[in-house]
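Shown below is the structure under consideration.
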Amino acid sequence: MSTEARHNGIPATLADGILENTGVPVAKCYQCGKCSAGCPLAADMDYPPSLILRMLQTGDAGLEEKVLRSYTIWVCLTCETCIARCPMEIEIPKMMDYLRQESLRRGTTNPRARDIIRFHRSFLDSIKFTGRLYEMGLVVDYKARSLHLLQDVHLAPKMYLKGHLHILPELIKGLPLMRRIFSKTSRRGGEAAG
Amino acid sequence: MKLGFYPGCSLEGSAREYAESVIAVAGEAGVDLEQVPDWNCCGATAAHNMNRNLSLALPARILAKAEAAGMKEIVVPCAACYNRLSVTRHELLENESLRREISATIEYDLRCDAEILNVLQMLDRHVMPAIGDKIRVPFARRVACYYGCLLVRPHKILKFDRLEDPQSMDAIIRKIGGDPLDWAFKTECCGAGLSVSATPLVGKLSGRILDDASIRGAEAVIVACPMCHSNLDMRRPHCDKAMKKHYTMPVLYITQAIGLALGIDPKTLGLHRHMVPVKFEKHPADAASARPAPPDAVKEV
Amino acid sequence: MSRIGVFICHCGENIGATVDCERVARACAGIPGVVHSVDYKYMCSDPGQNMIKDAIRDHNLTGVVVGACSPRMHEPTFRRACEEAGLNPFLCEMANIREHCSWVHEKSEVTTEKAIDLVRVIVEKVRRNKPLFPIKVPVTKTALVLGGGIAGIQAALDIANAGHKVIMVERSPSIGGHMSQLSETFPTLDCSQCILTPRMVEVARHPNITLHTYSEIESLDGFIGNFKVKIRKKARSVDEKLCTGCGLCTQKCPTKKIPSEFDAGLGMRSAIYVPFPQAVPNKPVIDRLHCTFFLKGKCRLCEKVCPTQAIRFDQEDTIVEADIGAVVLATGFDIKHADFFPEYGYGAYKDVIDGLQFERLASASGPTLGEIRRPSDGRKPETVVFIACAGSRDPAKGIEYCSKICCMYTAKHAMLYRHKVHGGKAYIFYMDIRAGGKMYEEFVRRAIEEDGVRYVRGRVSRVYEREGKLIVQGADTLLGAQPVEIEADMVVLATAAVANDGAEELAQKMHVSYDAYKFFAEAHPKLKPVETNTAGIFLAGACQAPKDIPESVAQASGAAAKVSALFSQDELTREPVIAVVNRCAPPLYSTCVGCFLCQAACPYQAIEKEEIRARDGNLIKTVAKVNPGLCQGCGTCVAVCRTKAIDLQGFSNEQVFAEVMALLNRSEANAGI
Amino acid sequence: MPEFEPRIVAFVCNWCTYAGADLTGTSRIKYSPNVEVIRFPCTGRIDFMLLLKAFAEGADGIIVSGCHPNDCHYTSGNFHARRRWILFRGLLDFMGIDVRRVQFSWVSAAEGAKWADVVNTTVEAVRKLGPYDNYRQIARSGGV
């Protein structure tokens with residue numbers, strides 16, 4: 001990255017930050033739209049992937065804010081269809097990970113994405129406290145966070161009967177290390193899980 | 001033969017039948033799957049969405065546990081776990097300073113020398129060669145082999161099969177007497193991690209997959225990923241709703257299909273655990289007209 | 001004792017503003033052996049040159065150093081001036097005090113010091129220069145034209161019409177190339193074959209042109225004006241002299257289901273075949289890989305029906321050798337086929353075709369007689385999607401460049417389709433429309449405005465088949481990258497133009513360089529667009545880079561002009577910067593010990609073995625010898641020589657070591673006088 | 001005390017780097033004057049004894065620069081130079097000459113800015129390494 005692009009050691013634009021932290025060069029995008037054409041969720045996004053790249057290319061603070069407040073970055077499934085077909089091999093999924101984490105850090109998450117974020121938090125909490133995903137606990141925790149108390153209630157008994165749900169969590173032995181891993185990685189930026 | 005085995009959380013819970021059928025089929029081939037000791041969750045979508053370092057550290061601990069146990073090949077049946085473990089291994093091998101950083105986090109000096117196998121690779125390498133003569137009930141069904149995203153992408157890292165029209169599962173189906181059809185949604189996304197938090201979207205994405213398979217006359221969809229399974233099976237009502245149709249075809253794990261061909265008891269394979277009942281409408285002889293079915297082929301399993 | 005003249009140029013302000021030229025001249029006057037040192041405003045002007053000429057005569061100079069611009073700029077100028085004054089031109093050298101000094105440094109003491117250094121170094125070199133004499137080599141006035149497409153045809157005709165002999169070699173059974181496959185040409189929509197076939201016939205009939213079709217180059221040796229080529233004439237299995245081209249054999253041949261190369265796989269041909277009715281020569285070839293006789297040992301139907309007994313099953317490849325003076329490479333290009341695109345079905349869908357296949361569909365001589373019909377079921381497609389940049393501008397697929405011709409031919413395809421299928425819908429997915437060329441932009445506008453072709457700006461992500469339709473998933477980037485899905489009956493990929501298979505091996509055979517994409521490299525991107533780095537070998541057409549017909553023809557004529565200019569001389573003169581192996585008195589004869597490391601290092605096969613024999617004929621020793629005709633003067637041999645027996649004229653060991661020593665030993669001279 | 005001004009000799013080929021350095025001039029890109037160029041037809045011509053000679057005569061650093069791989073005017077001279085450089089580097093190291101004093105690079109006729117960059121980085125690098133006199137001392141004393 002060129003020196004003039006930095007200001008007091010902070011990347012001047014979001015695109016610079018992406019390049020510095022993930023190595024993904026936003027400038028490479030020539031707006032062919034192949035990612036948006038193939039994205040299974042493009043129609044459900046507020047800005048399709050190629051448009052996100054275009055907004056970032058401008059370096060315009062207003063547009064960058066729109067990117068960080070977008071629903072797109074949360075509804076992206078990381079299915080990697082975009083990178084599989086991108087002629088410029090721009091790793092959009094990697095960029096999306098960074099944008100999500102930046103959006104969390106700046107507290108600019110999209111209101112429509114609240115459920116998705118709550119789910120992720122519940123998920124990571126479950127791992128943090130038991131080492132593995134405790135599905136029953138995850139669902140209960142997610143419901144408590146999202147207040148979607150009735151969602152999937154019809155499924156639970158059926159799932160239990162079919163042997164899909166454990167009532168009690170399984171705890172792994174290495175839990176102290178797991179806690180250390182969580183605290184070390186949250187110190188190093190990124191979302192403090194839980 | 002002994003192989004390392006990382007079941008992952010789903011296979012302990014909502015996808016128990018996958019684990020059961022993997023173990024059963026591997027057992028038939030004399031493959032003993034030994035669990036990675038005290039394994040943890042790989043972090044799945046949540047970790048890499050929320051925290052990059054965590055998304056590397058969690059799989060790294062799993063790799064560390066396997067390495068410490070001397071495992072050289074780790075079978076990872078869940079496509080999502082396979083993807084996370086493979087990507088982590090790749091990133092750490094590519095970037096020495098990152099490898100050191102993550103090693104410090106997990107308090108173990110990782111070498112990343114164990115090979116990670118997805119279920120198709122395990123079947124192809126260790127199971128299919130050993131069960132060639134054990135096919136008792138050819139799985140004479142017209143099926144859609146569904147690979148999903150995570151087995152083949154990112155292709156540069158996983159380097160597994162063909163990117164847009166993979167063939168490895170189709171080849172296995174052919175070997176057990178089935179008829180894999182040519183269809184267009186082999187690697188389209190099912191909605192994966194949004195299953196709980198954005199269910200209507202999952203209904204739409206998975207619905208499109210079921211629709212293409214059913215238009216082409218698939219009797220079943222064959223999968224190799226618990227997330228794909230739960231979205232196509234458990235979320236079937238949402239799919240039906242999104243597509244305004246009713247799809248009845250069952251969704252089977254590849255290992256269940258092999259198990260049936262080997263004559264393993266459906267219960268052992270966990271077929272009863274599916275939300276969409278595993279029933280076939282046509283007699284196998286009608287379904288796979290190109291291939292004469294043996295007379296003892298069962299109508300319903 | 002040398003008598004050297006030093007001439008420092010101010011180049012107006014260009015040097016004078018930063019370097020104290022007067023001081024440089026004064027300093028140089030103090031160098032031993034320098035008998036004359038002056039500075040002047042413009043050394044390259046007539047008065048400047050006259051100063052040099054006068055000084056040579058007046059001071060009886062044995063060497064001239066001009067401190068001025070780059071030798072790449074004015075060395076020929078000053079050397080000519082010296083020659084006119086009676087001094088061997090190779091005793092004149094330039095010190096580059098402009099590009100390497102005054103233009104790149106600030107005005108300062110240090111800059112002037114450096115200028116003095118640079119001149120001093122060259123003075124030390126010139127002191128050791130020896131008079132050299134240009135080398136003369138004869139010229140064989142026959143050109144080899146490799147490739148019988150439109151570029152090769154044009155080059156061959158131009159050279160032949162200038163009165164020189166031409167040997168044309170074409171790999172396939174007929175000349176005509178890709179142009180013969182095209183339906184109509186942009187931007188005029190005139191019929192491709194109608195304008196091409198008369199040229200093909202002219203090649204065949206031209207008294208100065210010898211045509212070898214179904215032939216390839218075996219090897220090329222030698223150098224400009226004096227190449228030797230070996231041509232492999234592949235066995236046609238038909239006696240060309242006896243065959244009348246009646247066509248009975250091709251009608252009777254029982255093997256008729258071979259995909260026709262000419263119809264891009266959309267039509268069929270027999271095992272004994274003429275690629276297309278207007279082929280030149282109109283003589284069939286037996287495709288031995290498909291012929292029943294060659295596969296199973298029986299059939300011989302063609303032999304039975306041939307009225308002139310021209311079939312020769314036992315014919316073998318023959319090698320033809322020829323002396324030639326120049327080569328025009330016009331081997332053309334290839335395109336990527338639909339199976340190159342996983343996302344568009346790995347070539348599995350019959351109705352996803354490439355541009356060349358569409359040309360055959362649209363051609364009146366094609367498999368559908370010019371009607372646009374789907375290859376799968378012969379139906380007229382109601383909706384056709386054209387995808388531009390299929391593979392081009394796609395680093396992920398390894399093709400970073402723009403294929404240049406696709407924008408135009410895609411517009412033409414869509415236009416032709418709209419003319420031929422009334423009510424049909426034509427969509428073009430594109431990234432940019434590159435229509436630079438005479439009447440090109442107007443042509444594209446016509447497609448959009450008059451012919452109703454719908455342009456969508458975006459790349460297609462995927463094509464898949466569903467209930468007999470091809471579903472095209474694209475996006476409209478001009479509508480905020482909104483997804484677009486089109487149910488098409490046929491998809492035409494404007495696939496990337498790439499170098500021919502085997503281009504790399506051919507380039508190595510011809511000793512020409514090629515770029516990262518295996519296209520042949522021109523000697524200079526701007527000023528030497530038809531030359532290659534190997535003197536006497538020229539480029540024409542798309543073997544250098546993707547080109548359309550007018551450009552290929554223009555370049556072919558350019559190459560022909562270069563060849564004709566070369567052939568206008570009976571002898572060539574070359575710079576004598578070549579390597580020589582030393583000779584000395586017996587019993588040593590030469591310090592060469594005959595290790596022949598130089599031979600292995602030489603890129604031009606210019607090192608030969610020479611046997612030194614006594615009078616009685618007994619071999620004394622074998623030493624290296626440089627063929628002055630082949631040597632290009634790179635000096636690689638000099639650097640590898642263990643005994644310093646081989647040296648490069650003009651850059652001798654003595655000279656370069658003197659330069660290094662002079663450079664690093666600033667004498668009093670620099671101190672300024 | 002004035003800053004140490006290293007003396008750098010550049011051995012360049014006529015077709016790529018010399019022309020590239022000409023382009024630096026025509027583009028008026030400024031660079032450090034500590035470098036002086038000696039022109040060769042090709043890097044393949046550069047006898048590495050010349051490098052030793054340059055050190056013996058008091059050079060503090062050396063640049064060897066020619067055409068990019070595959071771009072050699074003489075097809076393969078630069079490959080010979082590269083191969084020789086790999087061997088020579090070992091020899092330099094063995095002789096106790098700091099290999100960082102020799103900069104091997106490719107500068108094409110179109111890379112005027114790169115030439116300035118190569119010169120400036122080399123001058124800076126050698127300036128940091130300080131004056132080089134050891135080899136000259138040995139050479140002068142007749143040791144070499």
Side-chain angles (χ1 to χ4, degrees), chain A residues 40-41 44 74-75 77-81 83-84 89 91 93 96-98 100-101 104 115-121 123-124 126-127 131-136 138-139 142 146 151-152 155 158-159 162-166 170 172-174 177-178 180-182 184-186 188-193, chain B residues 8-10 12-17 37-41 43-58 60-61 65 101 104-107 148-150 152-156 163-164 187-194 196-199 201 204-205 208 234 270 272-275:
Chain A
L41 286 171
D44 300 286
W74 292 103
V75 82
L77 279 160
T78 326
C79 73
E80 315 243 2
T81 305
I83 170 68
E89 301 180 278
E91 295 180 83
M96 290 290 186
D97 278 346
Y98 178 81
R100 283 187 276 261
Q101 285 160 35
L104 284 172
D115 286 349
I116 297 172
I117 297 167
R118 281 179 192 130
F119 180 77
H120 290 327
R121 289 210 171 112
F123 191 103
L124 291 181
S126 168
I127 308 173
R132 294 185 190 168
L133 179 64
Y134 164 41
E135 284 168 328
M136 189 67 121
L138 164 67
V139 171
Y142 168 68
S146 63
Q151 187 190 333
D152 292 336
L155 267 177
K158 210 171 164 188
M159 283 180 75
K162 292 196 177 253
H164 287 314
L165 285 181
H166 292 285
E170 204 175 338
I172 69 167
K173 286 188 227 117
L177 173 61
M178 290 296 284
R180 287 201 293 280
I181 290 175
F182 271 81
K184 281 186 213 170
T185 50
S186 65
R188 228 164 281 139
E191 159 93 343
Chain B
C9 309
S10 312
E12 293 279 291
S14 53
R16 272 171 71 177
E17 68 274 27
D38 198 41
W39 56 266
N40 55 276
C41 172
T45 315
H48 77 79
N49 271 2
M50 308 289 278
N51 180 335
R52 172 175 148 83
N53 279 320
L54 184 64
S55 76
L56 295 170
L58 291 175
R61 181 180 175 274
K65 284 281 169 191
E101 186 186 332
T105 305
I106 61 165
E107 300 165 20
C149 321
L150 299 164
V152 287
R153 290 190 293 259
H155 199 252
K156 281 215 156 157
L163 175 58
E164 297 278 352
T187 60
E188 290 294 292
C189 182
C190 67
L194 294 183
V196 178
S197 51
T199 322
L201 289 180
K204 188 177 90 179
L205 298 180
R208 290 204 302 224
M234 197 173 80
H272 59 290
R273 298 191 197 277
H274 291 191
M275 296 288 170

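Each chain gets a letter, A, B and so on, in the order the sequences are listed, and its residues count up from 1.
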Is it the backbone or the side chain of A:Ile172 that comes under 4.5 Å from a heavy atom of chain B, or both, or neither? both
So for B:Thr199, is it side chain, backbone, both, or neither that comes closer than 4.5 Å to the heavy atoms of chain A?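 Side chain of B:Thr199 only, per the 4.5 Å heavy-atom cut-off to chain A.
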Pick from A:Glu89, A:Arg132, A:His120, A:Arg118: which one has the most heavy-atom pairs with chain B under 4.5 Å?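 Heavy-atom pairs under 4.5 Å are most numerous for A:Arg132.
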Any carboxylate oxygen within less than 4.0 angstrom of a Lys/Arg side-chain nitrogen, looking at A:Glu80 and B:Lys156? no
Heavy-atom contact with chain A under 4.5 Å, split by part of B:His48: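 For B:His48, backbone and side chain are both near chain A.
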Are side-chain heavy atoms of A:Val75 and B:Leu201 found at a separation under 4.5 Å? yes
Do A:Arg121 and B:Met50 make a side-chain contact, defined as non-hydrogen atoms from C-beta onward lying under 4.5 Å apart?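 Touching, per the 4.5 Å side-chain cut-off.
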Note: vs chain B, highest number of non-hydrogen pairs under 4.5 angstrom among A:Leu77, A:Asp44, A:Asp115 is A:Leu77
With a 4.5 angstrom heavy-atom cut-off, is it the side chain or the backbone of B:Leu194 that approaches chain A, or both, or neither?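 Contact with chain A is through both the backbone and side chain of B:Leu194.
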Please state whether the side chain, the backbone, both or neither of A:Met96 comes within less than 4.5 Å of a heavy atom of chain B. neither
Can you list everything that forms a salt bridge (charged side-chain N to carboxylate O under 4.0 Å, His left out) with B:Arg208? Sequence neighbours excluded, please.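 For B:Arg208 there are no salt bridge (charged side-chain N to carboxylate O under 4.0 Å, His left out) partners, ignoring immediate neighbours.
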Tell me, for A:Tyr98 versus chain B, whether the close heavy atoms (under 4.5 Å) come from the side chain, the backbone, both or neither.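 Contact with chain B is absent: no heavy atom of A:Tyr98 under 4.5 Å.
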Using 0.5 Å steps for rounding, measure from the CZ atom of A:Arg180 to the OG1 atom of A:Thr185.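 Separation between the atoms: 12.5 Å.
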Could you look at B:Leu205 and say if it's the side chain, the backbone, both or neither that has a heavy atom under 4.5 Å from chain A? side chain
Residue pair A:Thr81 / B:Arg153, side-chain heavy-atom distance below 4.5 Å: yes
Heavy-atom distances under 4.5 Å only: say whether B:Ala104 touches chain A with side chain, backbone, both or neither.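 It is the backbone, since no side chain atom gets that close.
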Segment of B:Lys65 engaging chain A (4.5 angstrom heavy-atom cut-off):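 For B:Lys65, neither part sits under 4.5 Å from chain A.
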Are side-chain heavy atoms of A:Leu177 and A:Phe182 found at a separation under 4.5 Å?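 No, side chains not in contact.
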If the condition is side chain to side chain contact (heavy atoms under 4.5 Å, CB included), which residues does A:Glu91 pass it with, not counting sequence neighbours?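 By the side chain to side chain contact (heavy atoms under 4.5 Å, CB included) rule, A:Glu91 matches A:Val24, A:Ile83, A:Lys94.
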Leading residue by heavy atom contact count with chain A [cutoff under 4.5 Å; candidates B:His274, B:Glu17, B:Lys204, B:Met275]: B:Met275
Portion of B:Glu164 that has a non-hydrogen atom of chain A nearer than 4.5 angstrom: side chain
Within the 4.5 Å heavy-atom criterion, are A:Ser126 and A:Tyr142 side-chain neighbours or not? no
Tell me which of these, B:Cys189, B:Cys190, B:Gly270, has more heavy-atom pairs under 4.5 Å with chain A than the rest. B:Cys189
